> 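Sending over a structure as structure tokens; questions will come in a sec.
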Protein chains: 4
Amino acid sequence: MAPKLRTVPRKRPVQDRSRATVDAILAAAAQVLVKDGFDRTSTNRVAEVAGVSIGSVYQYFPSKEALVGALVERHNEAMRAAVLAELQRVQVLPLEAAVRAVIELIVRAHAIEPALHRVLMEQVPRTGRLARVDQFAVELHAVIVRYLDAHRARLRVQDLDLAAFLAASAVEAMAHGAVIYQPHRLDDPAFLDEATAMVVRYLIA
Amino acid sequence: MAPKLRTVPRKRPVQDRSRATVDAILAAAAQVLVKDGFDRTSTNRVAEVAGVSIGSVYQYFPSKEALVGALVERHNEAMRAAVLAELQRVQVLPLEAAVRAVIELIVRAHAIEPALHRVLMEQVPRTGRLARVDQFAVELHAVIVRYLDAHRARLRVQDLDLAAFLAASAVEAMAHGAVIYQPHRLDDPAFLDEATAMVVRYLIA
Amino acid sequence: MAPKLRTVPRKRPVQDRSRATVDAILAAAAQVLVKDGFDRTSTNRVAEVAGVSIGSVYQYFPSKEALVGALVERHNEAMRAAVLAELQRVQVLPLEAAVRAVIELIVRAHAIEPALHRVLMEQVPRTGRLARVDQFAVELHAVIVRYLDAHRARLRVQDLDLAAFLAASAVEAMAHGAVIYQPHRLDDPAFLDEATAMVVRYLIA
Amino acid sequence: MAPKLRTVPRKRPVQDRSRATVDAILAAAAQVLVKDGFDRTSTNRVAEVAGVSIGSVYQYFPSKEALVGALVERHNEAMRAAVLAELQRVQVLPLEAAVRAVIELIVRAHAIEPALHRVLMEQVPRTGRLARVDQFAVELHAVIVRYLDAHRARLRVQDLDLAAFLAASAVEAMAHGAVIYQPHRLDDPAFLDEATAMVVRYLIA
DNA sequence: GATGAATGAGTCTTCATTCAT
DNA sequence: GATGAATGAAGACTCATTCAT
């Protein structure tokens, strides 16, 4: 008897399957990292949770550092995207509204996988490519400097680099702190009002 | 065999010799931690650098966690001392001067072994007694709330807890950021002026 | 860091290769245990003798206790099998012949890897799952009680539980002692005659 | 001023003090051995429990083996004494009474620090001088052979060495088992009756 | 004699990584 | 591509023993 004709693909296209594997590994890595902390996270455990063999992990990530690095990059990318997507809209707002909007964006960016964010910020050793954990903060600084420069006229601060450093540090810390330690603040409009007040009153005469 | 982790110091030194040993171990631990990062810090390496045998390390610190914990406590104590010592003096100052003085104290506290501070804050997993890495920040918050409450009359902020949280987060972040990433700022009087401005303008009507 | 001891085998071998590894490890463990005694037996030495890496030992046995435990279980199983296999045949024999046959079975069971048996009985700390070293003796008692109960009519003893305890203790000790300290007795038919006499005369009027 | 005349010894005679120290160490060793088992017993812990410094332990016992060995010897001595003291009295008893008396003595000997006895028998590696853990059993065998020889006339057994081995093994096991696993048996007169019956019926025609 | 700080070989165990199937 | 058995360097920690005080 003639064998049945197979009309459905034996497997999904190679790229798709790979993509799914990579995603599963990264998701598992994030999960284990959050649950066990950085130095109790083992590649074997990640493979197990991902439901793939340890060999497959090394197929895509040549080292533990590469694996965590990918996670870091992905997380930075997500935060960056959350902010950048809206930044166009913010440009045209009056200063007070702009500051408030930016703070809101930054808080929202911090609210992306906050537990992962915390582990990444608090435990991942800043060595090699893992130094980029706070890449987002660095980029944020630049964005803010540019923004301030564009609105220089109305500002009381002169040294924009210093002002951006201070404002960015402050906002970043408030956002981080709120998300991590005081999540209930996030629903309180007073939080945003006050944070905005601090920055606005600082920047504007 | 694997007994439960013990995290309290094993015994108090009774001879002079052992005091020196304990100091050498802590100094070596700080040094290795700064140089190699938390998870490349091994107790064996610490012993080697301290010039004592690994047995001596465990004579005084029953686990790696206890060793790092001792360092954390010692560092917190140093920061606390640097701030508290001057706090009496600050109480009687007018608000603007008080804010400036407190910021200065906090910056100075952050300048105590900044490299160690950084490793402790960035890499030590907040588990068990190691959770206390940011003990200092917690205590600071309480101090600030009390201070604000005492000067309530002149403040524009109403929710003192929120204000303290925001101000403390901001100041802590500015101090931390300056010490770690922008040490040159520390010599620039503008840094202190601006930081003070941000907080004062936020707090006072 | 020192996690809780795990004492259950870590996984079942799925490939042929791993079956061979497990066997090699157990054989090596038995050999080292016999040669060096329990507390000079190290997992590293076992790995070395087995010709596998220490990692492979822990792949299959999550702790030293689990390794020795597996050996204990295997040994108990072998002794149990040696006795149980013949027990059906014994049931139909007249009492004297049955007692002789049972003693013979017990002696034979003790002659299975007697050196290992000795180390297991004499040195393995009866803690946790290792308490089962004398599991075989426990089961033996039950078997004997059942047997006596079935032949109650011809017995002079009344308290079968006591009689079983005494007879089992006696037989077990004679078998153990003969195998360990007087192996030459094993070939002497008088040994079996006498042991049988002691038990038969005790049990039967 | 002339110093007060001291009329009381500044300290007890050297031998006395040493004796007390040695006793404290041995008592502590027994206690730790029973509580923690052989391989969790450390010399440092023994010193601590004894209330002396580790140096003092090594003053009197040059090694851990020597320490445990002393305990073994002391225990053997105590068992031997308990039996030998009464043995003269037993010699003149008729056979049945003698067997009963000896069994009673052996049981009583096993009831001396039974927990220590158990650890010594079950966990101490029989190496070097520690081989003597069952020294008592060896000596007992000789005593029994001599006794049987003296009463040869009434015996049904011929090979006295074999008979002594079997009887001693049996009695020792019954005593050991009763003390360790069935302590309630010890108060039941039936236990002694039955054990005696087994041996007497075995020995005598 | 007594003390206890110090020692360091040796133990158990983990985990990133490799590679034959 | 995927698998998972195997590896072994390295790390945390113990404890018998020594010796300066």
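Letters go in sequence order (proteins before strands), and every chain restarts at 1. Quick caveat: nothing in here was measured; it's all calculated off a predicted structure.
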> The criterion is salt bridge (Lys or Arg N to Asp or Glu O under 4.0 Å); which residues satisfy it with D:Asp23, sequence neighbours excluded?
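Residues passing salt bridge (Lys or Arg N to Asp or Glu O under 4.0 Å) with D:Asp23: D:Arg19, D:Arg74.
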> Judged by atom type as modelled, is there a donor-acceptor pair below 3.5 Å linking the side chain of C:Arg45 to the main-chain atoms of C:Ala29?
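No, because the side chain of C:Arg45 does not come within donor-acceptor range (under 3.5 Å) of the backbone of C:Ala29.
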> Specify the separation, in whole Å, of atom CZ of D:Arg19 and atom C1' of E:dG1.
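Between C1' of E:dG1 and CZ of D:Arg19: 18 Å.
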> Taking atom types as modelled, is there a side-chain donor on B:Thr21 or B:Tyr60 under 3.5 Å from an acceptor on the other?
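Result is no, nothing qualifies.
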> So, using side chain to side chain donor-acceptor pair (under 3.5 Å) as the criterion, who are the partners of A:Glu77 when residues are at least two apart?
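A:Glu77: side chain to side chain donor-acceptor pair (under 3.5 Å) contacts with A:Arg80.
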> Which dot-bracket string describes DNA chain E (Watson-Crick N1-N3 plus N6-O4 or O6-N4, or G-U N1-O2 and O6-N3, all under 3.5 Å; [ ] crossing; | other strand)?
.||||||||||||||||||||
> Excluding sequence neighbours, so at least two apart, what forms ring-ring contact (aromatic ring centres under 6.0 Å, His included) with D:His75?
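In terms of ring-ring contact (aromatic ring centres under 6.0 Å, His included), with neighbours along the sequence ignored, D:His75 is linked to D:His117.
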> Using atom CZ of C:Arg40 as one end and atom P of E:dA9 as the other, report the distance to the nearest whole Å.
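Those two atoms, CZ and P, are 18 Å apart.
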> Answer with base, sugar-phosphate or nothing: what part of the nucleic acid does B:Val57 contact at a heavy-atom distance below 4.0 Å?
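Nothing, no heavy atom under 4.0 Å.
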> Can you name the side chain to side chain donor-acceptor pair (under 3.5 Å) partners of B:Gln135, sequence neighbours left out?
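Applying side chain to side chain donor-acceptor pair (under 3.5 Å) to B:Gln135 gives B:Glu139.
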> With distance as the sole test, does D:Thr41 use its side chain to make a donor-acceptor pair with the main-chain N or O of D:Gly37 at under 3.5 Å?
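Yes.
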> Of the options E:dT7, F:dT7, E:dG1, whose atoms approach the side-chain atoms of C:Gln59 most closely?
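Looking only at heavy atoms from C-beta outward on C:Gln59, the closest nucleotide is F:dT7.
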> Summarise how protein sits on nucleotides 16-21 of chain E as a single string, 5' to 3': B when a protein heavy atom is under 4.0 Å from the base, S for sugar-phosphate-only contact, - for no contact.
BBB---
> Side chains of A:Val46 and A:Ile54: closer than 4.5 Å at any heavy-atom pair?
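A side-chain contact is absent here, since even the closest heavy-atom pair is not under 4.5 Å.
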> Given atom OH of D:Tyr60 and atom C1' of F:dA16, what is their separation to the nearest angstrom?
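After rounding, the reported distance stands at 20 Å.
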> Indicate whether OP1 or OP2 belonging to F:dT7 is found under 4.0 Å from a side-chain N or O atom of C:Ser56.
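It does, given that an N or O in the side chain of C:Ser56 lies less than 4.0 Å from OP1 or OP2 of F:dT7.
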> Does F:dT3 have OP1 or OP2 sitting under 4.0 Å from an N or O in the side chain of A:Ser53?
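Checking F:dT3 against A:Ser53, a side-chain N or O does come within under 4.0 Å of OP1 or OP2.
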